[in-house]
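When a residue number appears, it is its place in the shown sequence, counting from 1. Model, not experiment: these values are computed from the prediction.
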Amino acid sequence: MQRRSHQITKGAERAPHRSLLKAIGFTDSELQRPLIGIAQSANEVIPGHIHLDRICTAVKDGIRMAGGTPMEFSTIGICDGIAMGHEGMKYSLASRELIADSVESMARAYPFDGLVLLPNCDKIVPGMIMAGARLDLPTIVISGGPMRTGICNGREVDLITVFEGMGKLRVGELSPEELTQLEDTACPGAGSCSGMFTANSMNCLTEALGIALPGNGTTLAVDAARIRLAKESGMAIMHLVEKNITFRRILTRAAFDNALAVDMAFGGSTNTSLHLPAIAYEAGISLPLADFNLASLKTPHICNMSPGGPDHMENLHQAGGVSAIMKTLAEKKLLHENCMTVSGRTIGEIIADPRVKVFNQKTIRPLHEPYHATGGLAILTGNLAPDGAVVKQSAVAPEMLQHQGPARVFNTEEDAFTAIIEQTIKKGDIIVIRYEGPQGGPGMREMLSPTAALAGIGLDKDVALLTDGRFSGGTRGAAIGHISPEASAGGLIGLVEEGDQIKIDIPGRTLELLVDKQEIELRKSKWLKPPAKVTRGYLARYARQVGSAAQGAVMS
């Protein structure tokens, strides 16, 4: 059988290629086997990646056990938590495209027969999956797994508890010593932060999409089961290569529908509304924001995960994990059960396994007793967001689901954060942070610092925050992001003035600036596009080429 890797391993004309590969240490026997690329992002700057070298070793073991030859290479990775609140956050979303491009470049330069994607956090997971969809090789995802839940004075805590602790310190609800204690205990070791934040949302959705083995989203980073899963993933890629089952054969439109249903059921990060459309784009599939609303309206929210609720990833794993969620959704035919997966089984066959069950109905509620009747996310439209805006409605207090109030306008995240911390924001206000979109930021920064500060000082049930930037998966409260078109593209959010009335109706899916059309047209005639904030380097190129958040913020 002709393999892709024969382009560098077979025939007399490939003697120079083999010579170079032998310089690495590969033997003739190894070069006669299928070559499997492993794209991994192990580094010493992200807690979710600090252990990936060990996971990678296990993947290699599995590949070798199944008769393949692993070839490891690296990508970059940025920790959103560490990049939060300073210039580094401008590079987070932008790094997703660099990661996708780097994996594509390596897999084209080296004709691997199959590909294993080994990411863990924030933009690394979707970036690698985007590359997999673009390349369309036999491919499997195995993540590094979630972090254990932190324990502080007998209560469960996580990174968001620390962010919110800053605000509590400001209003005297927490002492400096207590904040230090939180800091020391909230993140107990390796893994992606322990709530249903962006990294864990995307890792869980790999199971729903069928591109990872069951357990990939919830098995803890430090569990031996994660090592076993990595070995099994290494063996599974060899089956995919043998059968020539490529990524796009699994990433079908029905698979994305399954991912939307699971996303709504567990109340995933608002960032999934950026990443799933971007992955679909690379797979040649249209996934408009309207489809998120369709999924939300028919899928109940059955898991109350941090930041909106008390449960963490290890609670979800112990309750049965993503497979148990899917088994629950299938009771009302909310899943396409015939979708193929990298396990060699369909979704229906996976959830039919008698070992798949809900072990804790407080963590995974039955469909007739959901936390909310509709899904975790909502897409809002209206004159302020004609192309859409997104909110994690499952993390919004009931009293803030419908709200009208005066705009408090800021052109940077830093200015808004200062106003919150100095307590110049009052109950009922609607904070507007603009010029933070993909183009205008540039880079579409996450706004965890201001939203966590609002929660910390006790205003998350009284104040809304709107932005053309985005929010962390750890954000809670009436935080509405991804407002499109963004201010820098001439969107109406750039024309809002201090004191303007804004009306939010999350159940009605609307977001309106209550200013008459004549006044809006007058403001438009006076608006001037601000100069670029960055004029050199990668970020400047990104700002010129990135598209709207409403289409996944992909680069053209």
Checking the side chain of [X] only, and the main-chain atoms of [Y] only, is there a donor and an acceptor separated by less than 3.5 Å?
X      : Y      : value
Asn271 : Phe471 : yes
Lys327 : Ile351 : yes
Arg509 : Ile506 : yes
Asp61  : Lys231 : no
Thr272 : Gly268 : no
Asn120 : Gly145 : yes
Asn360 : Ala319 : no
Glu512 : Leu514 : no
Ser41  : Thr75  : no

Report yes if the side chains of [X] and [Y] come closer than 4.5 Å at any heavy-atom pair, otherwise no.
X      : Y      : result
His49  : Cys121 : yes
Lys243 : Pro138 : no
Leu448 : Ile160 : yes
Pro300 : Lys332 : no
Gln393 : His301 : no
Thr328 : Leu367 : yes
Arg476 : Glu164 : yes
Leu240 : Phe247 : no

Determine the minimum heavy-atom distance between [X] and [Y], stating which atoms define it.
X      : Y      : result
Lys123 : Asp80  : NZ-OD2, 2.5 Å
Pro307 : Thr475 : CG-O, 3.4 Å
Gly388 : Ile379 : CA-CG2, 4.4 Å
Asn200 : Ser192 : OD1-OG, 2.6 Å
Pro386 : Thr381 : O-CG2, 4.2 Å
Phe197 : Asp158 : CZ-OD2, 3.7 Å

Inset, instruction - Would you verify whether the NZ or CZ of Arg4 falls within 45 degrees of the ring axis of Phe112 while also being under 6.0 Å from that six-membered ring's centre? - result: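 No, Arg4 and Phe112 do not form such a contact.
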Point-to-point distance, once rounded to the nearest 0.5 Å, from [atom1] of [X] to [atom2] of [Y]:
X      : Y      : atom1 : atom2 : value
Arg248 : Leu135 : CZ    : CG    : 9.0 Å
His482 : Asp468 : NE2   : CG    : 10.5 Å
Thr341 : Ile350 : OG1   : CD1   : 3.5 Å
Met305 : Ser194 : CE    : OG    : 9.0 Å
Ile124 : Ser95  : CD1   : OG    : 6.0 Å
Glu282 : Ile279 : CD    : CD1   : 9.5 Å

Inset, instruction - Scan for side-chain hydrogen bond (donor to acceptor under 3.5 Å, both in side chains) pairs involving residues 207-218, sequence neighbours excluded, and state none if there are none. - result: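 Counting only pairs at least two positions apart or across chains, the side-chain hydrogen bond (donor to acceptor under 3.5 Å, both in side chains) contacts touching residues 207-218 are Ser143-Asn216, Thr206-Asn216, Asn216-Arg226, Thr218-His317.
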Salt bridge check, [Y] against [X]: does any charged N sit closer than 4.0 Å to a carboxylate O?
X      : Y      : answer
Arg253 : Asp257 : yes
Arg134 : Asp101 : yes
Glu486 : Arg470 : no
Arg445 : Glu436 : yes

Inset, instruction - Applying side-chain contact (heavy atoms from CB on, under 4.5 Å), run through Ile493 and Ile483 and close with a yes or a no. - result: CA-CA 8 Å; Ile493 187 173; Ile483 290 177; 4.0 Å; yes
Inset, instruction - Determine, stepwise, if the pair Asp460 / Thr451 fulfils side-chain contact (heavy atoms from CB on, under 4.5 Å). - result: CA-CA 8 Å; Asp460 57 301; Thr451 57; over 6 Å; no
Legend entry - Option passing side-chain contact (heavy atoms from CB on, under 4.5 Å) with Val391 (candidates Ile480, Leu377, Leu511, Thr270):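 Looking at Ile480, Leu377, Leu511, Thr270, the match for Val391 under the side-chain contact (heavy atoms from CB on, under 4.5 Å) is Ile480.
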Legend entry - Residue among Ile140, Thr139, Leu209, Val342 satisfying side-chain contact (heavy atoms from CB on, under 4.5 Å) with Ile250: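 Exactly one option meets the side-chain contact (heavy atoms from CB on, under 4.5 Å) with Ile250, and it is Val342.
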Inset, instruction - Determine, stepwise, if the pair Cys303 / Asp311 fulfils side-chain contact (heavy atoms from CB on, under 4.5 Å). - result: CA-CA 8 Å; Cys303 301; Asp311 284 324; over 6 Å; no
Inset, instruction - Apply salt bridge (Lys or Arg N to Asp or Glu O under 4.0 Å) to Asp387 and list each qualifying residue two or more places apart in sequence or on a separate chain. - result: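 Applying salt bridge (Lys or Arg N to Asp or Glu O under 4.0 Å) to Asp387 gives none.
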Inset, instruction - Name all residues meeting the salt bridge (Lys or Arg N to Asp or Glu O under 4.0 Å) criterion together with Asp223; count only those two or more places apart in sequence or in a different chain, and write none if there are none. - result: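 Asp223 satisfies salt bridge (Lys or Arg N to Asp or Glu O under 4.0 Å) with no other residue.
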With distance as the sole criterion, is a donor-acceptor pair present between the side chains of [X] and [Y] under 3.5 Å?
X      : Y      : result
Asn338 : Thr346 : no
Thr363 : Asn315 : no
His372 : Ser394 : no
Ser201 : Ser269 : no
Glu314 : Thr149 : yes

Inset, instruction - Give a yes or no on this: more than 12 heavy atoms of other residues, nucleotides or ligands lie within 6.0 Å of atom OH of Tyr281. - result: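 Count not over threshold, so no.
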Inset, instruction - Go through the steps to decide whether Gln404 and Asp505 satisfy the test side chain to side chain donor-acceptor pair (under 3.5 Å), and finish with yes or no. - result: CA-CA 9 Å; Gln404 181 176 323; Asp505 184 355; over 6 Å; no
